[in-house]
> 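Take a look at the following structure, please.
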Amino acid sequence: MADGYEFVVVANRLPVDRTTGDDGDQHWTRSPGGLVSALEPILRSSGGAWVGWTGAPDDDTGPQEVDGIQLRPVPLSAEDVDRYYEGQSNSTIWPLFHDLVEPPVHRRPWRQAYESVNRRFAEATAEAAAHGATVWVHDYQLMLVPAMLRALRPDLRIGFFLHIPFPPVELFMQLPRRADLLRGLLGADLVGFQRPHAAQNFLQLAAGLLGLEPDDDRVAYEGRTVVAQAFPASIDVAETDRLAADPDIQREADRLRAELGGDRRLLLGVDRLDYTKGIEQRVEAFGELLAEGVVSNDEVVLVQVATPSRMRVAQYQQLRERVEREVGRINGEFGAVGRVPVHYLFQSRSPAELVALYLATDVMLVTPLRDGMNLVAKEFVAARRDEQGALVLSEFTGAAAELEDAFLVNPHDVEDLKRAIIAALDAPPDDRAVRMRRMRARVQAHDVDRWARQFLEALA
């Protein structure tokens with residue numbers, strides 16, 4: 001393995017998107033996102049590689065180099081995508097790890113596909129890694145990879161990071177083949193989580209399910225020591241700040257404010273269209289404020305950006321129908337010609353477009369029912385160089401532990417949502433500035449580079 005890579009990142013998706021150029025040819029371009037930004041310098045300097053799927057079924061793309069990053073694609077068939085990704089990953093593990101916001105679906109062929117695809121990822125990684133290399137595996141789609149990779153390559157230093165919540169013991173115990181998933185994670189030397197209680201849940205399971213004996217933040221397993229710790233993920237603060245300082249983006253923010261709000265105050269939600277994000281409860285709360293006359297269509301407007309996500313999964317299709325029906329009802333009941341109370345955008349927005357929206361906004365609504373971290377909250381704070389704007393933030397996000405100066409809310413309680421929205425709208429400018437200044441200091445001091453560096457130092 002002398003010709004392998006000293007540092008290998010393993011994730012469900014490669015850090016690139018396929019685009020069609022002006023010449024009609026297809027090209028790979030680097031995906032936007034904090035993880036890619038944080039790891040790119042390390043990949044370049046260490047001669048590293050990234051193992052992942054291209055995002056297209058039945059894609060036989062071979063090894064590539066894009067912007068200095070070596071890519072090692074793992075092909076997935078349409079059936080793999082259906083069973084491993086949309087099935088076991090997103091219809092079983094995702095809802096169960098998000099506190100059963102929707103009921104998980106358990107199917108044996110999905111579990112078999114998950115195991116098969118995880119094995120292919122482990123084999124591709126074993127082939128790519130140099131002797132004694134460091135490997136960093138990411139997220140819930142690949143929880144079996146650490147143990148599979150350990151069996152193939154015991155010489156490797158293996159880290160795993162879970163970007164979503166890790167459930168309490170009683171929920172995890174509902175999973176079929178639960179011990180296999182736990183052993184999969186125990187194949188790593190370091191298992192990272194967003195919050196300390198998630199690491200504690202993991203260690204409790206190691207004791208209760210496998211009979212191991214954790215000691216503080218570590219547990220002995222198969223002659224090794226496995227460490228479980230929290231590393232709260234963050235964003236590329238410098239890039240968000242750069243966009244927020246761009247005069248073109250500032251002008252776009254002014255245009256959006258005039259076009260969407262006019263003389264009204266602007267509430268904003270930006271989420272993937274996912275049942276964990278609390279979009280339905282948020283829209284319901286705003287509708288009730290209008291119905292009660294607490295706010296009016298002449299005073300306040302809600303802009304909800306819902307990025308399409310997993311639309312082949314039935315639960316997501318049904319969620320879209322419910323949200324769009326409620327938005328239509330509110331606009332029909334409380335709107336006027338040329339002036340609606342809810343602007344609903346079922347579309348993706350570029351990072352620059354999102355920053356323009358953040359700058360135009362009076363109150364940002366980040367109210368998931370459950371979220372491992374939520375980076376939108378941190379992006380909004382990083383963008384607000386003017387130290388204005390207010391953040392209404394769910395208590396059930398990892399970000400709430402860091403952004404304590406937000407208007408914290410229980411998103412399961414529509415009355416509490418209404419209270420927090422009004423408190424944020426009514427907060428004096430001085431109060432908003434003090435809150436924003438403290439939150440900005442926290443986000444700036446704990447950016448994505450520091451997150452990646454702390455994880456890799458702990459792994460080393």
Side-chain angles (χ1 to χ4, degrees), residues 9-12 34-35 38-39 89 93-101 118 134-147 157-173 175 178-210 212 214-219 221 224-235 276 368-375 377-378 394-403 442 446-448 450-460:
V9 176
V10 190
N12 176 61
L35 183 63
L39 296 182
S89 295
I93 295 171
W94 175 271
L96 191 137
F97 279 41
H98 284 87
D99 292 356
L100 308 183
V101 172
N118 272 242
T134 296
V135 175
W136 192 358
V137 184
H138 288 267
D139 226 1
Y140 65 103
Q141 303 96 341
L142 302 175
M143 290 194 291
L144 297 177
V145 167
R157 193 81 182 150
I158 302 170
F160 179 91
F161 186 80
L162 184 69
H163 292 260
I164 69 172
F166 190 82
V169 170
E170 60 272 18
L171 291 188
F172 188 91
M173 293 296 278
L175 275 172
R178 59 203 182 186
D180 291 351
L181 274 187
L182 197 58
R183 290 190 191 98
L185 295 175
L186 286 164
D189 297 291
L190 174 64
V191 187
F193 301 92
Q194 299 278 20
R195 300 289 302 128
H197 67 256
Q200 291 157 12
N201 290 345
F202 171 76
L203 291 167
Q204 282 179 14
L205 277 160
L209 192 55
L210 301 181
L212 305 180
D215 180 14
D216 192 23
D217 62 358
R218 55 203 63 214
V219 61
Y221 180 68
R224 298 177 296 107
T225 298
V226 180
V227 177
Q229 291 177 348
F231 300 87
S234 194
I235 61 165
T276 65
L369 305 176
R370 189 76 172 92
D371 218 334
M373 177 51 60
N374 196 288
L375 300 180
K378 294 187 175 184
S394 166
E395 298 167 1
F396 301 103
T397 62
E402 298 179 78
L403 304 179
R442 171 71 191 189
H446 297 82
D447 68 355
V448 72
R450 175 170 169 171
W451 167 76
R453 192 167 61 249
Q454 286 182 329
F455 184 92
L456 290 171
E457 285 171 358
L459 177 58

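This chain uses plain numbering: 1 for the first residue, then up along the sequence.
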> Are His98 and Leu369 packed together at the side-chain level, in the sense that at least one heavy-atom pair is separated by less than 4.5 angstrom?
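In short, these two side chains do not touch, never coming nearer than 4.5 Å.
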
> Checking Thr276 now: which residues fulfil side chain to side chain donor-acceptor pair (under 3.5 Å) with it, not counting sequence neighbours?
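By the side chain to side chain donor-acceptor pair (under 3.5 Å) rule, Thr276 matches Asp274.
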
> Identify, with sequence neighbours excluded, every residue that meets ring-ring contact (aromatic ring centres under 6.0 Å, His included) alongside Phe455.
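Counting only residues at least two positions away or on another chain, Phe455 forms a ring-ring contact (aromatic ring centres under 6.0 Å, His included) with Trp136, Phe231.
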
> If you take all heavy atoms of Leu162 and Pro165, which pair is closest and at what distance?
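Minimum heavy-atom separation between Leu162 and Pro165: CD2-O, 3.7 Å.
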
> What pairs meet the salt bridge (Lys or Arg N to Asp or Glu O under 4.0 Å) rule with one or both residues in residues 194-204, with sequence neighbours excluded?
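Of all non-adjacent pairs touching residues 194-204, none passes salt bridge (Lys or Arg N to Asp or Glu O under 4.0 Å).
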
> Please name all residues satisfying salt bridge (charged side-chain N to carboxylate O under 4.0 Å, His left out) with Asp447, sequence neighbours left out, ordered by chain then number.
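Asp447: no salt bridge (charged side-chain N to carboxylate O under 4.0 Å, His left out) contacts found.
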
> Go through the structure and list residues passing side chain to side chain contact (heavy atoms under 4.5 Å, CB included) with Pro196, not counting sequence neighbours.
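For Pro196, the residues satisfying side chain to side chain contact (heavy atoms under 4.5 Å, CB included) (neighbours in sequence not counted) are Gln200, Ala230.
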
> Show the nearest heavy-atom pair for residues Asn374 and Pro368, with the distance to one decimal.
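Nearest pair, atom of Asn374 first, then Pro368: ND2-CG, 3.7 Å.
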
> So, taking the atom named CZ in Arg178 and the one named CG in Leu96, what distance separates them when rounded to the nearest 0.5 Å?
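Between Arg178 CZ and Leu96 CG, I get 11.5 Å after rounding to 0.5 Å.
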
> To the nearest 0.5 angstrom, please state how far the CG atom of Asp99 sits from the CG atom of Asp371.
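Between atom CG of Asp99 and atom CG of Asp371 there are 11.0 Å.
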
> Is there a donor-acceptor contact under 3.5 Å from the side chain of Asn118 to the main chain of Gln141?
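At least one qualifying donor-acceptor pair exists.
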
> Among residues at least two apart in sequence or on other chains, which ones pass ring-ring contact (aromatic ring centres under 6.0 Å, His included) with Phe396?
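Partners of Phe396 by the ring-ring contact (aromatic ring centres under 6.0 Å, His included) criterion, ordered by chain and then number, come out as His412.
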
> Taking all non-hydrogen atoms of both residues into account, name the closest pair between Phe160 and Met143 and its distance.
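For Phe160 and Met143, the tightest heavy-atom pair comes out as CZ-CG, 3.7 Å.
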
> Under the side chain to side chain contact (heavy atoms under 4.5 Å, CB included) rule, collect the residues that match up with Arg218, sequence neighbours excluded.
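Applying side chain to side chain contact (heavy atoms under 4.5 Å, CB included) to Arg218 gives Thr225, Val227, Gln229.
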
> Mind listing the side-chain donor-acceptor pairs of residues 182-190 below 3.5 Å, one per line with the distance, residues two or more places apart or on another chain?
| from | atom 1 | to | atom 2 | distance (Å) |
| --- | --- | --- | --- | --- |
| Asp189 | OD1 | Arg150 | NH2 | 3.2 |
| Asp189 | OD1 | Arg157 | NH1 | 3.4 |
| Asp189 | OD2 | Arg150 | NH2 | 2.8 |
| Asp189 | OD2 | Ile158 | N | 2.8 |

> Applying side chain to side chain contact (heavy atoms under 4.5 Å, CB included), can you list everything that pairs with Ala228, at least two apart in sequence or on another chain?
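Listed in chain order: Phe193, Ala199, Phe202, Leu203.
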
> I'd like to check the ring-ring contact (aromatic ring centres under 6.0 Å, His included) partners of Phe161; sequence neighbours left out, ordered by chain and number.
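Partners of Phe161 under the ring-ring contact (aromatic ring centres under 6.0 Å, His included) test: His163, Trp451.
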
> Would you compute the distance between atom CG of Leu144 and atom CG of Asp180 and round it to the nearest 0.5 angstrom?
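Answer for the CG-CG pair, Leu144 versus Asp180, is 7.0 Å.
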
> Is any side-chain heavy atom of Asn12 closer than 4.5 Å to one of Asp139?
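Side-chain contact under 4.5 Å: no.
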
> Quick one: salt bridge (charged side-chain N to carboxylate O under 4.0 Å, His left out) partners of Arg442, sequence neighbours excluded?
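Here the qualifying residues are Glu402.
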
> Under the side chain to side chain contact (heavy atoms under 4.5 Å, CB included) test, which residues partner Leu375, sequence neighbours left out?
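Leu375: side chain to side chain contact (heavy atoms under 4.5 Å, CB included) contacts with Ile235, Met373, Lys378.
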
> From Leu175 CG over to Leu181 CG, what is the distance, rounded to the nearest 0.5 angstrom?
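Going from the CG atom of Leu175 to the CG atom of Leu181 covers 6.0 Å.
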
> Closest heavy-atom contact between Leu459 and Val135?
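Heavy-atom minimum between the residues: CD2-O, 4.1 Å.
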
